[in-house]
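In what follows, chains are A, B, ... by sequence order, proteins preceding strands, each numbered from 1. Computed from a predicted structure; not experimentally measured.
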2 protein chains.
Amino acid sequence: MKKMSIKEVASALQISTATVSYILNGKAKEKRISPELTKKVTAFIEENNFRPNHLAKSLRTGKTNVIGLIVEDIADPFFASVAGHIENVAYENGYKIIYSSTKNDPKKAKELIDTFRDRNVDGYIITPTEGIDSEIKYLIDSKLPVVLFDRNCNDLDVSYVGMNNFESSYQAAKYLISQDYKNIAFVTLDSVQPQMIDRLLGYERAIYENRLVSYVKKVEYRAAKEHLIMAEIEHMLNTEPHIDAIFFATNYLAITGIELLNRLGVKIGEELGMMVFDDNDLFRIHQPSISAIAQPIQEMSQQLINDLLEHMQDTNEYTNRTTVLPAHLIIRDSSSKTRKNA
Amino acid sequence: MKKMSIKEVASALQISTATVSYILNGKAKEKRISPELTKKVTAFIEENNFRPNHLAKSLRTGKTNVIGLIVEDIADPFFASVAGHIENVAYENGYKIIYSSTKNDPKKAKELIDTFRDRNVDGYIITPTEGIDSEIKYLIDSKLPVVLFDRNCNDLDVSYVGMNNFESSYQAAKYLISQDYKNIAFVTLDSVQPQMIDRLLGYERAIYENRLVSYVKKVEYRAAKEHLIMAEIEHMLNTEPHIDAIFFATNYLAITGIELLNRLGVKIGEELGMMVFDDNDLFRIHQPSISAIAQPIQEMSQQLINDLLEHMQDTNEYTNRTTVLPAHLIIRDSSSKTRKNA
DNA sequence: CTGTTAGCGCGTTCAC
DNA sequence: GTGAACGCGCTAACAG
């Protein structure tokens, strides 16, 4: 029951492997192979369940039909969701996906790019870490299809898909201001990632435009433990008691923050407004519900995989495309002093 | 800057490709290649950044160093988390992971197994759907390393890793009973998956042992829309008003249920006890917090990948192993009538 | 002892 | 419609 080779098919049918190969690849007509023979071969292949060896094919053609997906962490629901959407489309187009998580470690990111390169993946979807511009540039220079997402590398001519962090942050902050919050704090990570910086700047723009004061709390990035985050937020609330709203730059920070506030008995919405980046079941169901900026995951994924497929189709004519999608601002109860269900 | 081949290395150094290959694969000593030559070759390879073609190597050796991961849905946080853990260990051992989601469709599951087989993955981690026993059996008969998880295929001699659904469900139900709930409903999916059946049976055992009455609500499985689930639960609560606790068999059902109950203004815990399968941030932070049965994700993943690696190492001596890990019963406020924080 | 030759794995594709 | 080279690395058998 071992695997059959094209040679065996050929010899069983007393024809050459070339003929079988042409038929397999739909070039029967082009190569003027008689319909009868074509039918005979097709039938034989079907009957004996012959499957060409993918490795041999890849070795010869240089195509693996594999897409390399490099994300910060596949276990993160955001990236997992993107992985799911991408897979659907990739699957329909005959591609499989091989993934790896950088854990935001540039060294690992570089290794991953190398490994994927060694394995001849046909295209790359990458969430870049800091300091891997040169590796990405190398891929591009080698004419390999690459699409970045979530974070861009500004200095590179490469396709990118992301969301409008600056604009959505600005709009969200403006909304809080419109709801009469006067001292809005922004809790973020101490990170230089462009998307994080944009979120901060969007907030600050809204603050400055309205002649308000900005309160920015940067939580240390690496292995930020929950209780440390809580301690920092608590400290901030104690030293700046006039703060009347918090805008969290990430999901995780917000969840930790909510836990703290619940424990402190602070009434979210009434006493303290809240806005969060990245939506989540929790924010919808929490009482009061929490307003959030939802990333357009579906749209981003679609764009990502479309761009990549297109790029893989015609490597030469393809021109890079930067897509910045609008986020969805979801207004719930936490961003108004008068709660609907209060 | 195209890729260099072993042949080029050999000719540049005026030696044979065999020599280079032996050195590359650490067989220099075994093959009595002089240390000087070894050093020279190593240096040359380093300098010119030569990387052997993985495809050629795989074609020759039959090993791809790729693990095929077939889950129900990679976008589901549970599977994504498993994927993350597995990746860590796989990576350290030189394996990459190629994934695909079955969406619980047997047809797709079969296709995926075929595809992965075509692509010569070295090992399989599979969340089986119904009706793919024969495909899995085929893999096993072909001596391919397979580990199942989440759901077992009872009739197959194959390694399996999962958690003790029956026991943990039984314990959780018993706990509710011990907290003086008398009419406990069990809300589950209308599914014949073994793990779902075990959860139901565990609940029923606790009910019967205590001479209570079981209320089982099976929600239709396919594409269960939120509002339909809500309608079903609401109907149940109306027709069986004496129900004083709900035990949800899945995370998703519970989230939907909580949303409904909050809307109805039912006081979870006091008026209606609650227990849920699969933990989640939401359950921890919800007020009142929701008791849950947490899957031992870390432990399961570790066991999964260990078993598979072992199996891939010595295909012959390996004997199948069934691992059923205990779940973590996390008692919070929703499972007592007297809430701690009430 | 050191290192080489040559065939293999298997599908693709050019030249006839 | 075919023969044979080719993509590239591995390794048993062999020569010096």
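We find the CD1-OG distance between B:Ile6 and B:Ser11 to be 11.5 Å, quoted to the nearest 0.5 Å. Of the inter-residue distances, the one linking B:Asn65 atom CG with B:Lys57 atom NZ reads 7.5 Å to the nearest 0.5 angstrom. Considering OG of A:Ser101 and CD of B:Glu87, their distance stands at 3.5 Å, rounded to 0.5 Å. Note: A:Glu130 CD to A:Asn104 CG = 7.0 Å, rounded to the nearest 0.5 Å.
The existence of a salt bridge linking A:Glu310 and A:Arg321 is confirmed by a sub-4.0 Å separation between a basic side-chain nitrogen and an acidic carboxylate oxygen. With salt bridges taken as basic N to acidic carboxylate O contacts below 4.0 Å, none links A:Asp114 and A:Lys110.
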When you check every protein heavy atom under 4.0 Å of nucleotides 8-16 of chain C, what one-letter string (B, S, -) results, 5' to 3'?
-> BBBBBBB--
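Geometrically, B:Lys31 engages B:Tyr22 in a cation-pi contact, judged by NZ or CZ lying under 6.0 Å from the ring centre and within 45° of the ring axis.
Helical stems of DNA chain C (runs of at least 3 Watson-Crick or G-U pairs, donor-acceptor distances under 3.5 Å) are listed by first residue: C:1-16 with D:1-16.
The distance between atom CZ of B:Arg32 and atom P of D:dA15, rounded to the nearest whole Å, is 17 Å. Separating the CD atom of B:Glu36 from the C1' atom of C:dC1 is a distance of 13 Å, rounded to the nearest angstrom. One interatomic measurement links the two molecules: CD of A:Gln14 to C1' of D:dT2, which rounds to 14 Å at whole-angstrom precision.
Listed by chain and number, the residues in a salt bridge (Lys or Arg N to Asp or Glu O under 4.0 Å) with B:Lys143 amount to none (sequence neighbours excluded).
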